[in-house]
Amino acid sequence: MACRTICQLLQRRLASSATSVRLSAAEVRGRRSAVFSREQARQRSLYPRTEKIEVTLQIPGLQGTLLVMNKGLSTPHSCARHLTEWYVTSSALALVDGKPWSLHQPLTQSCSLSLLTFKDTDPLLVNQAYWRSCAALLGQVLLDAFKEDFSVELLRLPEVLVTSGAFCCDVVLDPQLDAWNPSEESLRSLTRGAQQLIHRDLPWEPLEVAPPVALEVFSHSSDTHLRCVFIHVYGTHTHSCLTLYLSLRCGDHVLLSGGPLVARTGLCSQYEVTAIHPLGEGKWGLHRRAQGLSLPLQQQAHHTVWRKLRSRAEKLVEVPTGSTNEAISDTLTLPSAPEQTPPHTPQQ
Amino acid sequence: MRLTIQMLISHGRVARKMGLGPESRINMLRNILTGLVRHERIETTRGRADEVRFYAEKLIDYAKKGDTDEKAMKMANFWLTEKDLIPKLFKVLAPRFETQPKAYTRMARIPNRENLDKAAMAVLEYKGNPFPPLQTAKRDNELTLINQLLKGYREQRAQQAAGTHWWVVL
(Lines give C-alpha, C1' and ligand atoms only; values in the text may rest on other atoms or scores of the structure.)
Protein backbone atom coordinates (compact mmCIF):
# COMPACT_ATOMS: atom_id res chain seq x y z
CA MET A 1 0.00 0.00 0.00
CA ALA A 2 2.74 2.35 0.95
CA CYS A 3 4.77 0.97 -1.93
CA ARG A 4 2.14 1.97 -4.48
CA THR A 5 1.97 5.57 -3.30
CA ILE A 6 5.73 5.77 -3.40
CA CYS A 7 5.84 4.32 -6.91
CA GLN A 8 3.25 6.85 -8.07
CA LEU A 9 5.11 9.71 -6.48
CA LEU A 10 8.35 8.59 -8.04
CA GLN A 11 6.86 8.26 -11.52
CA ARG A 12 5.29 11.66 -11.29
CA ARG A 13 8.57 13.08 -10.11
CA LEU A 14 10.66 11.46 -12.81
CA ALA A 15 8.18 12.46 -15.50
CA SER A 16 8.44 16.09 -14.58
CA SER A 17 12.20 16.07 -14.14
CA ALA A 18 12.92 17.64 -17.53
CA THR A 19 11.03 20.77 -16.65
CA SER A 20 12.23 21.06 -13.02
CA VAL A 21 14.14 24.18 -12.06
CA ARG A 22 17.51 23.85 -10.37
CA LEU A 23 17.38 25.53 -7.00
CA SER A 24 20.28 26.75 -4.90
CA ALA A 25 21.29 24.76 -1.88
CA ALA A 26 20.12 27.32 0.62
CA GLU A 27 16.70 27.46 -1.02
CA VAL A 28 16.40 23.70 -1.01
CA ARG A 29 17.31 23.56 2.62
CA GLY A 30 14.87 26.34 3.40
CA ARG A 31 12.08 24.48 1.65
CA ARG A 32 12.88 21.26 3.43
CA SER A 33 12.92 23.03 6.71
CA ALA A 34 9.56 24.63 5.88
CA VAL A 35 8.02 21.25 5.11
CA PHE A 36 9.45 19.91 8.33
CA SER A 37 8.07 22.78 10.39
CA ARG A 38 4.69 22.36 8.74
CA GLU A 39 4.63 18.68 9.58
CA GLN A 40 5.75 19.39 13.11
CA ALA A 41 3.00 21.98 13.59
CA ARG A 42 0.46 19.56 12.15
CA GLN A 43 1.50 16.84 14.55
CA ARG A 44 1.32 19.24 17.47
CA SER A 45 -2.17 20.34 16.43
CA LEU A 46 -3.36 16.74 16.87
CA TYR A 47 -3.57 17.54 20.58
CA PRO A 48 -5.60 20.78 20.70
CA ARG A 49 -6.44 20.41 24.37
CA THR A 50 -3.72 19.79 26.94
CA GLU A 51 -4.17 16.22 28.18
CA LYS A 52 -2.16 14.83 31.02
CA ILE A 53 -0.15 11.62 31.03
CA GLU A 54 1.62 9.89 33.88
CA VAL A 55 5.28 9.14 33.45
CA THR A 56 6.91 6.73 35.93
CA LEU A 57 10.62 7.20 36.34
CA GLN A 58 12.95 4.20 36.41
CA ILE A 59 16.11 6.00 37.43
CA PRO A 60 18.38 4.55 40.16
CA GLY A 61 17.54 6.50 43.28
CA LEU A 62 14.24 7.78 41.93
CA GLN A 63 12.44 4.51 41.25
CA GLY A 64 8.73 4.86 40.97
CA THR A 65 8.61 8.66 41.00
CA LEU A 66 5.52 9.81 39.16
CA LEU A 67 5.59 12.84 36.88
CA VAL A 68 2.41 14.32 35.40
CA MET A 69 3.30 15.64 31.95
CA ASN A 70 1.47 16.97 28.88
CA LYS A 71 0.50 14.57 26.16
CA GLY A 72 2.13 15.17 22.80
CA LEU A 73 4.14 18.09 24.11
CA SER A 74 6.41 16.91 26.92
CA THR A 75 9.64 15.21 26.03
CA PRO A 76 12.03 13.15 28.16
CA HIS A 77 14.16 16.32 28.18
CA SER A 78 11.39 18.23 29.96
CA CYS A 79 11.03 15.33 32.41
CA ALA A 80 14.74 15.59 33.15
CA ARG A 81 14.37 19.33 33.69
CA HIS A 82 11.93 18.58 36.47
CA LEU A 83 14.70 16.70 38.26
CA THR A 84 18.14 18.30 38.49
CA GLU A 85 20.55 19.94 36.08
CA TRP A 86 22.83 16.91 36.22
CA TYR A 87 20.14 14.77 34.57
CA VAL A 88 19.68 17.35 31.83
CA THR A 89 23.38 17.61 30.99
CA SER A 90 24.36 13.98 31.38
CA SER A 91 21.45 12.11 29.78
CA ALA A 92 22.03 11.24 26.15
CA LEU A 93 19.12 8.92 25.35
CA ALA A 94 15.87 7.83 26.96
CA LEU A 95 14.23 4.43 27.28
CA VAL A 96 10.46 4.66 27.08
CA ASP A 97 8.81 1.34 27.95
CA GLY A 98 12.04 -0.39 27.01
CA LYS A 99 12.30 1.23 23.56
CA PRO A 100 15.09 3.68 22.74
CA TRP A 101 13.60 7.16 22.46
CA SER A 102 15.18 10.42 21.46
CA LEU A 103 15.33 12.99 24.24
CA HIS A 104 13.44 15.64 22.26
CA GLN A 105 10.66 13.43 20.93
CA PRO A 106 7.26 14.09 22.55
CA LEU A 107 5.66 11.44 24.72
CA THR A 108 2.21 10.34 23.60
CA GLN A 109 0.97 8.09 26.40
CA SER A 110 1.56 7.11 30.01
CA CYS A 111 4.76 5.15 30.19
CA SER A 112 7.84 4.35 32.18
CA LEU A 113 10.90 6.42 31.47
CA SER A 114 14.57 5.91 32.19
CA LEU A 115 17.37 8.26 31.20
CA LEU A 116 20.56 6.72 29.85
CA THR A 117 24.02 8.20 30.22
CA PHE A 118 27.46 7.24 28.93
CA LYS A 119 28.54 5.80 32.27
CA ASP A 120 25.75 3.24 32.78
CA THR A 121 26.48 -0.41 33.33
CA ASP A 122 25.13 -1.14 29.85
CA PRO A 123 25.69 1.84 27.55
CA LEU A 124 25.49 -0.08 24.25
CA LEU A 125 22.40 1.78 22.97
CA VAL A 126 23.87 5.13 23.95
CA ASN A 127 27.17 4.31 22.22
CA GLN A 128 25.41 3.37 19.00
CA ALA A 129 23.24 6.49 19.11
CA TYR A 130 26.32 8.63 19.73
CA TRP A 131 28.16 7.06 16.82
CA ARG A 132 25.15 7.72 14.57
CA SER A 133 24.94 11.34 15.72
CA CYS A 134 28.64 11.91 15.06
CA ALA A 135 28.24 10.49 11.56
CA ALA A 136 25.26 12.80 10.98
CA LEU A 137 27.36 15.74 12.13
CA LEU A 138 30.13 14.72 9.74
CA GLY A 139 27.62 14.60 6.90
CA GLN A 140 26.41 18.06 7.78
CA VAL A 141 29.94 19.45 7.88
CA LEU A 142 30.74 17.99 4.48
CA LEU A 143 27.61 19.51 2.98
CA ASP A 144 28.58 22.94 4.24
CA ALA A 145 32.26 22.72 3.50
CA PHE A 146 32.51 23.11 -0.26
CA LYS A 147 32.00 26.14 -2.45
CA GLU A 148 28.82 26.70 -4.43
CA ASP A 149 30.34 25.53 -7.70
CA PHE A 150 30.93 22.02 -6.39
CA SER A 151 28.18 19.56 -5.61
CA VAL A 152 28.32 17.32 -2.60
CA GLU A 153 26.00 14.39 -2.32
CA LEU A 154 25.73 12.27 0.78
CA LEU A 155 24.83 8.69 0.05
CA ARG A 156 24.43 7.08 3.40
CA LEU A 157 25.67 7.06 6.95
CA PRO A 158 26.35 3.38 7.50
CA GLU A 159 25.76 1.69 10.83
CA VAL A 160 29.21 0.83 12.11
CA LEU A 161 30.13 -0.86 15.36
CA VAL A 162 31.96 1.25 17.88
CA THR A 163 34.84 -1.25 18.07
CA SER A 164 35.69 -0.66 14.42
CA GLY A 165 37.35 2.60 15.49
CA ALA A 166 35.65 5.32 13.43
CA PHE A 167 32.24 6.46 12.23
CA CYS A 168 31.75 6.79 8.45
CA CYS A 169 29.85 8.86 5.97
CA ASP A 170 29.67 7.88 2.29
CA VAL A 171 29.84 10.89 -0.02
CA VAL A 172 29.98 11.61 -3.71
CA LEU A 173 31.70 14.84 -4.64
CA ASP A 174 31.51 16.88 -7.83
CA PRO A 175 33.20 15.19 -10.85
CA GLN A 176 35.59 18.16 -10.99
CA LEU A 177 36.97 17.00 -7.64
CA ASP A 178 37.70 13.43 -8.71
CA ALA A 179 41.42 14.01 -8.61
CA TRP A 180 41.31 15.82 -5.28
CA ASN A 181 42.71 14.12 -2.23
CA PRO A 182 42.24 15.84 1.09
CA SER A 183 45.38 17.20 2.70
CA GLU A 184 45.90 17.49 6.40
CA GLU A 185 44.94 21.15 6.26
CA SER A 186 41.59 20.42 4.67
CA LEU A 187 40.86 17.72 7.22
CA ARG A 188 41.69 20.16 9.94
CA SER A 189 39.38 22.78 8.51
CA LEU A 190 36.60 20.20 8.35
CA THR A 191 37.30 19.42 11.99
CA ARG A 192 37.04 23.08 12.76
CA GLY A 193 33.65 23.24 11.08
CA ALA A 194 32.48 20.34 13.21
CA GLN A 195 33.82 21.99 16.36
CA GLN A 196 31.86 25.13 15.52
CA LEU A 197 28.67 23.10 15.24
CA ILE A 198 29.46 21.41 18.53
CA HIS A 199 30.09 24.73 20.19
CA ARG A 200 26.68 26.00 19.11
CA ASP A 201 25.13 23.12 21.06
CA LEU A 202 22.24 22.57 18.67
CA PRO A 203 19.58 20.00 19.47
CA TRP A 204 18.62 17.23 17.11
CA GLU A 205 14.87 17.42 16.78
CA PRO A 206 13.17 14.20 15.77
CA LEU A 207 9.88 13.80 13.98
CA GLU A 208 8.05 10.65 13.01
CA VAL A 209 6.54 10.92 9.55
CA ALA A 210 4.88 8.71 6.99
CA PRO A 211 6.81 7.81 3.79
CA PRO A 212 4.92 10.16 1.42
CA VAL A 213 5.75 13.12 3.61
CA ALA A 214 9.36 12.01 3.77
CA LEU A 215 9.57 11.94 0.00
CA GLU A 216 7.94 15.33 -0.17
CA VAL A 217 10.58 16.75 2.15
CA PHE A 218 13.31 15.53 -0.15
CA SER A 219 11.42 16.25 -3.33
CA HIS A 220 13.70 19.00 -4.52
CA SER A 221 16.78 16.87 -4.91
CA SER A 222 17.96 15.45 -8.21
CA ASP A 223 16.47 12.24 -9.58
CA THR A 224 19.33 9.85 -9.06
CA HIS A 225 19.35 10.62 -5.44
CA LEU A 226 15.62 10.44 -5.10
CA ARG A 227 15.99 6.90 -6.35
CA CYS A 228 18.46 6.36 -3.56
CA VAL A 229 15.95 7.61 -1.03
CA PHE A 230 13.25 5.48 -2.57
CA ILE A 231 15.32 2.34 -2.18
CA HIS A 232 16.11 3.32 1.36
CA VAL A 233 12.54 4.20 2.27
CA TYR A 234 10.91 1.26 0.62
CA GLY A 235 13.61 -1.30 1.20
CA THR A 236 14.56 -0.76 4.80
CA HIS A 237 11.37 0.21 6.53
CA THR A 238 8.63 -2.36 6.61
CA HIS A 239 6.31 -0.52 8.95
CA SER A 240 4.18 2.25 7.57
CA CYS A 241 5.39 4.96 9.85
CA LEU A 242 8.89 6.12 9.07
CA THR A 243 10.95 7.85 11.69
CA LEU A 244 12.50 11.01 10.38
CA TYR A 245 15.27 12.51 12.40
CA LEU A 246 15.75 16.09 11.51
CA SER A 247 18.34 18.61 12.42
CA LEU A 248 16.90 22.05 12.37
CA ARG A 249 18.77 25.19 13.04
CA CYS A 250 22.12 23.91 11.80
CA GLY A 251 21.75 25.52 8.44
CA ASP A 252 18.36 23.82 8.28
CA HIS A 253 19.84 20.44 7.56
CA VAL A 254 17.35 17.61 7.39
CA LEU A 255 18.23 13.97 7.56
CA LEU A 256 16.63 10.57 7.63
CA SER A 257 17.70 8.14 10.31
CA GLY A 258 17.04 4.58 11.29
CA GLY A 259 17.64 5.05 14.96
CA PRO A 260 17.58 7.69 17.66
CA LEU A 261 20.34 10.28 17.87
CA VAL A 262 21.65 11.81 21.06
CA ALA A 263 20.11 14.97 22.44
CA ARG A 264 22.38 17.72 21.17
CA THR A 265 25.67 18.43 19.45
CA GLY A 266 27.17 19.82 22.64
CA LEU A 267 27.53 16.31 24.08
CA CYS A 268 30.56 15.68 21.89
CA SER A 269 33.80 17.12 23.21
CA GLN A 270 36.74 15.67 21.28
CA TYR A 271 35.88 15.49 17.57
CA GLU A 272 38.19 15.04 14.61
CA VAL A 273 37.66 14.27 10.95
CA THR A 274 40.38 11.72 10.33
CA ALA A 275 40.30 10.69 6.69
CA ILE A 276 38.45 10.64 3.37
CA HIS A 277 39.09 7.42 1.45
CA PRO A 278 38.05 6.90 -2.18
CA LEU A 279 35.96 3.75 -2.55
CA GLY A 280 35.96 3.48 -6.31
CA GLU A 281 33.41 4.24 -9.00
CA GLY A 282 29.84 3.61 -8.01
CA LYS A 283 26.37 4.32 -9.29
CA TRP A 284 26.47 8.04 -8.65
CA GLY A 285 30.17 8.76 -9.32
CA LEU A 286 33.37 8.38 -7.33
CA HIS A 287 32.26 7.15 -3.90
CA ARG A 288 34.26 8.36 -0.97
CA ARG A 289 34.15 7.42 2.67
CA ALA A 290 34.74 10.17 5.18
CA GLN A 291 35.74 8.94 8.62
CA GLY A 292 35.95 10.59 11.97
CA LEU A 293 36.56 9.94 15.64
CA SER A 294 34.81 11.48 18.59
CA LEU A 295 34.40 11.14 22.33
CA PRO A 296 31.69 12.60 24.54
CA LEU A 297 32.07 15.15 27.31
CA GLN A 298 31.96 12.55 30.08
CA GLN A 299 34.55 10.24 28.48
CA GLN A 300 37.43 12.44 27.46
CA ALA A 301 40.70 10.77 26.62
CA HIS A 302 44.23 11.80 27.50
CA HIS A 303 46.09 13.13 24.47
CA THR A 304 48.36 10.07 24.24
CA VAL A 305 45.37 7.73 24.14
CA TRP A 306 43.58 10.04 21.69
CA ARG A 307 46.55 10.02 19.34
CA LYS A 308 46.61 6.21 19.25
CA LEU A 309 42.88 5.97 18.61
CA ARG A 310 43.12 8.62 15.93
CA SER A 311 45.88 6.84 14.05
CA ARG A 312 43.61 3.82 14.00
CA ALA A 313 40.64 5.89 12.78
CA GLU A 314 42.62 7.04 9.73
CA LYS A 315 42.56 3.52 8.32
CA LEU A 316 39.65 2.55 6.09
CA VAL A 317 36.73 1.02 7.96
CA GLU A 318 35.12 -1.90 6.16
CA VAL A 319 31.37 -1.67 6.34
CA PRO A 320 29.54 -4.99 5.94
CA THR A 321 27.57 -4.39 2.75
CA GLY A 322 24.20 -6.03 3.12
CA SER A 323 21.09 -5.68 0.96
CA THR A 324 18.89 -2.66 1.39
CA ASN A 325 16.31 -4.86 3.06
CA GLU A 326 18.42 -5.28 6.16
CA ALA A 327 16.85 -4.69 9.49
CA ILE A 328 19.72 -2.42 10.49
CA SER A 329 18.82 0.76 8.68
CA ASP A 330 21.32 3.37 7.75
CA THR A 331 21.07 7.03 8.36
CA LEU A 332 20.59 8.82 5.11
CA THR A 333 20.99 12.44 4.28
CA LEU A 334 19.79 13.68 1.01
CA PRO A 335 21.95 15.95 -1.07
CA SER A 336 21.03 19.48 -1.80
CA ALA A 337 21.39 20.91 -5.30
CA PRO A 338 24.88 21.52 -6.72
CA GLU A 339 25.28 25.06 -5.49
CA GLN A 340 26.54 25.23 -1.98
CA THR A 341 26.97 28.07 0.44
CA PRO A 342 30.48 29.54 0.56
CA PRO A 343 32.82 27.62 2.82
CA HIS A 344 33.83 28.84 6.21
CA THR A 345 37.29 30.17 5.48
CA PRO A 346 39.58 29.37 8.38
CA GLN A 347 41.15 32.50 9.74
CA GLN A 348 44.85 31.86 9.43
CA MET B 1 78.43 22.98 70.77
CA ARG B 2 77.72 26.62 70.09
CA LEU B 3 74.26 27.70 71.14
CA THR B 4 73.20 29.45 67.92
CA ILE B 5 69.84 30.56 66.61
CA GLN B 6 70.41 28.03 63.78
CA MET B 7 69.82 25.20 66.24
CA LEU B 8 66.28 26.36 66.92
CA ILE B 9 65.32 26.50 63.22
CA SER B 10 64.80 23.08 61.61
CA HIS B 11 64.55 23.98 57.93
CA GLY B 12 65.40 21.00 55.71
CA ARG B 13 66.02 18.56 58.56
CA VAL B 14 64.42 15.26 57.57
CA ALA B 15 65.24 13.07 60.55
CA ARG B 16 62.20 12.68 62.78
CA LYS B 17 62.32 12.87 66.58
CA MET B 18 60.10 10.36 68.36
CA GLY B 19 59.63 9.68 72.05
CA LEU B 20 62.17 10.79 74.68
CA GLY B 21 65.33 10.59 72.57
CA PRO B 22 67.13 8.53 69.89
CA GLU B 23 67.22 5.40 72.06
CA SER B 24 63.54 5.77 72.92
CA ARG B 25 62.80 6.22 69.21
CA ILE B 26 64.56 2.95 68.33
CA ASN B 27 62.73 1.11 71.10
CA MET B 28 59.36 2.42 69.90
CA LEU B 29 60.13 1.44 66.33
CA ARG B 30 61.24 -1.98 67.51
CA ASN B 31 57.89 -2.53 69.24
CA ILE B 32 55.93 -1.38 66.21
CA LEU B 33 58.02 -3.59 63.92
CA THR B 34 57.43 -6.60 66.14
CA GLY B 35 53.69 -5.93 65.96
CA LEU B 36 53.92 -5.64 62.18
CA VAL B 37 55.73 -8.97 61.82
CA ARG B 38 53.24 -10.67 64.11
CA HIS B 39 50.02 -9.27 62.60
CA GLU B 40 51.19 -8.30 59.07
CA ARG B 41 48.81 -5.31 59.09
CA ILE B 42 48.83 -2.65 61.82
CA GLU B 43 47.36 0.76 62.44
CA THR B 44 49.54 3.54 63.87
CA THR B 45 50.14 7.26 63.49
CA ARG B 46 51.35 8.43 60.13
CA GLY B 47 54.82 9.52 61.22
CA ARG B 48 55.54 6.24 63.01
CA ALA B 49 54.27 4.17 60.10
CA ASP B 50 56.51 6.11 57.73
CA GLU B 51 59.54 5.58 59.99
CA VAL B 52 58.89 1.88 60.48
CA ARG B 53 58.63 1.29 56.71
CA PHE B 54 62.34 1.74 56.20
CA TYR B 55 63.24 -0.66 59.02
CA ALA B 56 60.62 -3.20 57.99
CA GLU B 57 62.03 -3.43 54.46
CA LYS B 58 65.63 -3.55 55.68
CA LEU B 59 64.68 -6.40 58.02
CA ILE B 60 63.28 -8.37 55.10
CA ASP B 61 66.50 -7.73 53.15
CA TYR B 62 68.48 -9.18 56.06
CA ALA B 63 66.09 -12.11 56.41
CA LYS B 64 66.59 -12.96 52.73
CA LYS B 65 70.23 -13.76 53.51
CA GLY B 66 69.00 -16.82 55.39
CA ASP B 67 68.99 -17.84 59.05
CA THR B 68 72.47 -19.37 58.89
CA ASP B 69 73.92 -15.89 58.32
CA GLU B 70 75.37 -14.49 61.56
CA LYS B 71 74.55 -10.84 60.90
CA ALA B 72 70.99 -11.60 59.79
CA MET B 73 70.29 -13.59 62.97
CA LYS B 74 71.73 -10.81 65.16
CA MET B 75 69.55 -8.22 63.43
CA ALA B 76 66.43 -10.34 63.74
CA ASN B 77 67.23 -11.01 67.37
CA PHE B 78 67.65 -7.31 68.10
CA TRP B 79 64.60 -6.02 66.23
CA LEU B 80 62.07 -8.68 67.20
CA THR B 81 61.33 -8.46 70.90
CA GLU B 82 59.07 -11.55 70.81
CA LYS B 83 61.47 -14.35 69.95
CA ASP B 84 58.81 -16.69 68.54
CA LEU B 85 58.61 -14.40 65.52
CA ILE B 86 62.19 -15.03 64.38
CA PRO B 87 61.31 -18.38 62.74
CA LYS B 88 58.26 -16.72 61.16
CA LEU B 89 60.44 -14.02 59.67
CA PHE B 90 62.94 -16.43 58.13
CA LYS B 91 60.53 -19.16 57.10
CA VAL B 92 57.38 -17.24 56.05
CA LEU B 93 58.17 -13.62 55.21
CA ALA B 94 61.57 -14.03 53.51
CA PRO B 95 60.41 -16.71 51.02
CA ARG B 96 57.30 -14.67 50.23
CA PHE B 97 59.41 -11.76 48.93
CA GLU B 98 62.07 -13.81 47.15
CA THR B 99 61.12 -12.59 43.67
CA GLN B 100 60.65 -8.93 44.64
CA PRO B 101 63.74 -6.70 44.86
CA LYS B 102 62.15 -4.04 47.08
CA ALA B 103 58.77 -2.50 48.12
CA TYR B 104 57.59 -5.16 50.54
CA THR B 105 55.25 -2.87 52.46
CA ARG B 106 52.24 -0.75 51.66
CA MET B 107 51.03 2.28 53.62
CA ALA B 108 47.51 3.67 53.35
CA ARG B 109 46.24 6.76 55.13
CA ILE B 110 43.03 6.55 57.12
CA PRO B 111 40.82 9.11 58.88
CA ASN B 112 42.17 10.78 62.02
CA ARG B 113 41.94 9.05 65.38
CA GLU B 114 38.75 9.68 67.33
CA ASN B 115 40.61 10.64 70.50
CA LEU B 116 41.21 14.18 71.66
CA ASP B 117 44.57 14.30 69.89
CA LYS B 118 42.97 13.66 66.45
CA ALA B 119 46.20 12.10 65.29
CA ALA B 120 46.68 11.41 61.59
CA MET B 121 46.61 7.63 61.26
CA ALA B 122 47.89 5.15 58.71
CA VAL B 123 47.72 1.42 58.08
CA LEU B 124 50.98 -0.38 57.35
CA GLU B 125 51.04 -3.89 55.95
CA TYR B 126 53.34 -6.43 54.38
CA LYS B 127 52.27 -7.22 50.81
CA GLY B 128 50.83 -10.69 50.26
CA ASN B 129 49.08 -10.75 53.63
CA PRO B 130 46.00 -12.98 53.99
CA PHE B 131 43.56 -10.13 54.69
CA PRO B 132 41.18 -8.57 52.11
CA PRO B 133 42.76 -5.72 50.11
CA LEU B 134 42.81 -2.22 51.55
CA GLN B 135 42.06 -0.31 48.34
CA THR B 136 40.54 -1.89 45.26
CA ALA B 137 41.52 -0.24 41.98
CA LYS B 138 38.38 1.33 40.50
CA ARG B 139 37.96 0.08 36.94
CA ASP B 140 35.61 1.78 34.56
CA ASN B 141 32.93 -0.36 32.96
CA GLU B 142 34.17 -2.48 30.01
CA LEU B 143 31.30 -1.38 27.81
CA THR B 144 31.82 2.39 27.90
CA LEU B 145 32.59 4.09 24.59
CA ILE B 146 36.24 4.77 25.27
CA ASN B 147 36.84 1.24 26.58
CA GLN B 148 35.19 -0.27 23.52
CA LEU B 149 37.36 1.85 21.24
CA LEU B 150 40.45 0.80 23.17
CA LYS B 151 39.38 -2.82 23.00
CA GLY B 152 39.09 -2.58 19.22
CA TYR B 153 42.50 -0.92 19.12
CA ARG B 154 44.10 -3.64 21.21
CA GLU B 155 42.53 -6.39 19.10
CA GLN B 156 43.81 -4.79 15.92
CA ARG B 157 47.31 -4.50 17.38
CA ALA B 158 47.19 -8.14 18.45
CA GLN B 159 46.09 -9.17 14.96
CA GLN B 160 48.90 -7.17 13.40
CA ALA B 161 51.42 -8.67 15.79
CA ALA B 162 50.14 -12.18 15.07
CA GLY B 163 50.18 -11.43 11.35
CA THR B 164 53.79 -10.26 11.31
CA HIS B 165 55.02 -12.98 13.67
CA TRP B 166 56.25 -15.08 10.77
CA TRP B 167 58.67 -12.37 9.75
CA VAL B 168 60.40 -12.09 13.10
CA VAL B 169 63.88 -13.51 12.80
CA LEU B 170 65.54 -14.27 16.12
Side-chain angles (χ1 to χ4, degrees), chain A residues 60 90 92-93 116-135 160-168 262 267-272 274 291-319, chain B residues 41 46 49-50 53 99-112 114 120-125 127-170:
Chain A
S90 72
L93 205 62
L116 306 176
T117 69
F118 288 104
K119 293 195 178 176
D120 293 339
T121 39
D122 189 15
L124 288 172
L125 282 170
V126 184
N127 291 349
Q128 266 319 107
Y130 182 74
W131 227 228
R132 240 178 267 131
S133 324
C134 292
V160 195
L161 281 180
V162 172
T163 40
S164 57
F167 48 83
C168 324
V262 283
L267 276 176
C268 325
S269 76
Q270 291 167 302
Y271 193 107
E272 271 195 52
T274 46
Q291 286 174 201
L293 180 66
S294 172
L295 281 172
L297 264 181
Q298 292 98 359
Q299 303 252 302
Q300 290 180 1
H302 192 254
H303 66 88
T304 47
V305 173
W306 177 258
R307 213 169 287 154
K308 290 183 186 165
L309 291 175
R310 196 190 181 287
S311 60
R312 189 183 172 219
E314 281 167 12
K315 299 181 194 134
L316 181 67
V317 167
E318 300 293 330
V319 171
Chain B
R41 182 188 279 179
R46 224 167 267 173
D50 198 44
R53 261 190 116 172
T99 48
Q100 287 177 37
K102 44 186 177 175
Y104 314 118
T105 57
R106 190 183 288 126
M107 189 169 110
R109 288 152 34 146
I110 51 182
N112 291 0
E114 297 302 315
M121 300 292 279
V123 165
L124 188 64
E125 62 170 12
K127 289 183 185 169
N129 62 69
F131 306 117
L134 277 175
Q135 280 160 328
T136 45
K138 269 193 284 191
R139 292 258 131 176
D140 221 3
N141 189 5
E142 244 296 309
L143 299 168
T144 55
L145 189 66
I146 189 168
N147 283 344
Q148 289 279 288
L149 285 170
L150 285 170
K151 183 176 128 187
Y153 175 78
R154 260 182 260 125
E155 274 167 21
Q156 202 188 52
R157 283 286 293 263
Q159 269 176 15
Q160 279 175 352
T164 57
H165 183 69
W166 289 108
W167 307 105
V168 171
V169 178
L170 290 166

Enquirer: Main chain of A/Asp120, side chain of B/Asn141: is a donor-acceptor contact present, judged purely on distance under 3.5 Å?
Expert: yes
Enquirer: The criterion is side chain to side chain contact (heavy atoms under 4.5 Å, CB included); which residues satisfy it with A/Ala92, sequence neighbours excluded?
Expert: A/Phe118, A/Val126, A/Val262, A/Leu267
Enquirer: Nearest 0.5 angstrom please: B/Arg154 CZ to A/Thr163 OG1, how far?
Expert: 12.0 Å
Enquirer: Within a radius of less than 6.0 Å around NZ of B/Lys127, do more than 12 heavy atoms belonging to other residues, nucleotides or ligands occur?
Expert: yes
Enquirer: Only heavy atoms, only distances under 4.5 angstrom. Which residues in residues 143-150 of chain B are near chain A?
Expert: B/Leu143, B/Thr144, B/Leu145, B/Ile146, B/Gln148, B/Leu149, B/Leu150
Enquirer: Let me know if A/Thr117 has heavy atoms under 4.5 Å from chain B in its side chain, its backbone, both or neither.
Expert: neither
Enquirer: Any chance you could measure B/Glu155, atom CD, to A/Ser164, atom OG, to the nearest 0.5 Å?
Expert: 11.5 Å
Enquirer: Not counting sequence neighbours, list each pair that qualifies as a salt bridge (Lys or Arg N to Asp or Glu O under 4.0 Å) and has a residue in residues 305-317 of chain A.
Expert: A/Glu272-A/Arg310, A/Arg310-A/Glu314
Enquirer: In terms of heavy-atom proximity below 4.5 Å to chain B, should A/Gln298 be classed as side chain, backbone, both, or neither?
Expert: neither
Enquirer: Surrounding CD of B/Gln160 (heavy atoms of other residues, nucleotides or ligands, distance under 6.0 Å), is the total greater than 12?
Expert: yes
Enquirer: For A/Leu293, is it the side chain, the backbone, both, or neither that has a heavy atom closer than 4.5 Å to a heavy atom of chain B?
Expert: side chain
Enquirer: Sort and list the pairs that fulfil salt bridge (Lys or Arg N to Asp or Glu O under 4.0 Å) and have at least one residue in residues 103-112 of chain B, not counting sequence neighbours.
Expert: B/Arg106-B/Glu125
